[in-house]
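Here the structure is laid out as structure tokens; the discussion comes afterwards.
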Amino acid sequence: MFARIQLSNLSPRTSDEKVRRLASDFGQVLDSRVDRDRATGSVVYGDLRDAAAAVAALNGRELDGNRVVVTGTAD
């Protein structure tokens, strides 16, 4: 089982690489993507606990000048 977190309210300056580096602080990242047009992103972790830790730490955090909203789902 893996877990996906969704990020919204991203800055247009936020890159795929920046999200991947930030997310990797919480565990093994299987995939990450940023959609600059929609100011959203997603990160897939291999472990639910890693995803839960990322949601708790990143929700409301400032990234590139914007406060990011982070939610999670299990797949």
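As the structure is a computational prediction, the values presented were derived from the model and not from experiment.
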State, without any angle test, whether Asn66 and Ser11 hold a side-chain donor-acceptor pair at a distance under 3.5 Å.
no
Begin from the C-alpha positions of Val43 and Asp31 and carry the test side-chain contact (heavy atoms from CB on, under 4.5 Å) through to its verdict.
CA-CA 6 Å; Val43 176; Asp31 187 37; over 6 Å; no
Give the intermediate values and the outcome of side-chain hydrogen bond (donor to acceptor under 3.5 Å, both in side chains) for residues Asp64 and Thr14.
CA-CA 6 Å; Asp64 291 329; Thr14 302; 2.8 Å; yes
Show your working on side-chain contact (heavy atoms from CB on, under 4.5 Å) between Val68 and Leu58 and close with a plain yes or no.
CA-CA 7 Å; Val68 179; Leu58 298 177; 5.9 Å; no
From Asp50 CG over to Gln28 CD, what is the distance, rounded to the nearest 0.5 angstrom?
8.5 Å
Output yes when Asp16 and Lys18 qualify as a salt bridge under the 4.0 Å nitrogen-oxygen rule, no when they do not.
no
Where do Leu48 and Ala3 come nearest, in terms of heavy atoms and distance?
CD2-CB, 3.3 Å
Give the intermediate values and the outcome of side-chain contact (heavy atoms from CB on, under 4.5 Å) for residues Arg36 and Ser15.
CA-CA 8 Å; Arg36 287 192 181 122; Ser15 67; 3.3 Å; yes
For residues Arg67 and Glu62, report the shortest heavy-atom separation together with the two atoms involved.
NH1-N, 3.8 Å
Report whether Val69 and Leu22 are members of the same hydrophobic cluster (ILVMFWY, side-chain heavy atoms less than 4.5 Å apart, transitive linking).
no
Is a side-chain donor or acceptor of Asn59 paired with a backbone partner of Val70 at a separation under 3.5 angstrom?
yes
In terms of heavy-atom contacts, Tyr45 and Ala54 come closest through OH-CB, 3.4 Å
Could you tell me whether a side-chain N or O of Arg33 sits under 3.5 Å from a main-chain N or O of Gly41, the two making a donor and an acceptor?
no
Looking at Leu30 and Arg20, what are the two nearest heavy atoms and their distance?
O-NH2, 4.3 Å
Measuring from atom CG of Leu7 to atom OG1 of Thr71, what distance do you get when rounded to the nearest 0.5 angstrom?
8.0 Å
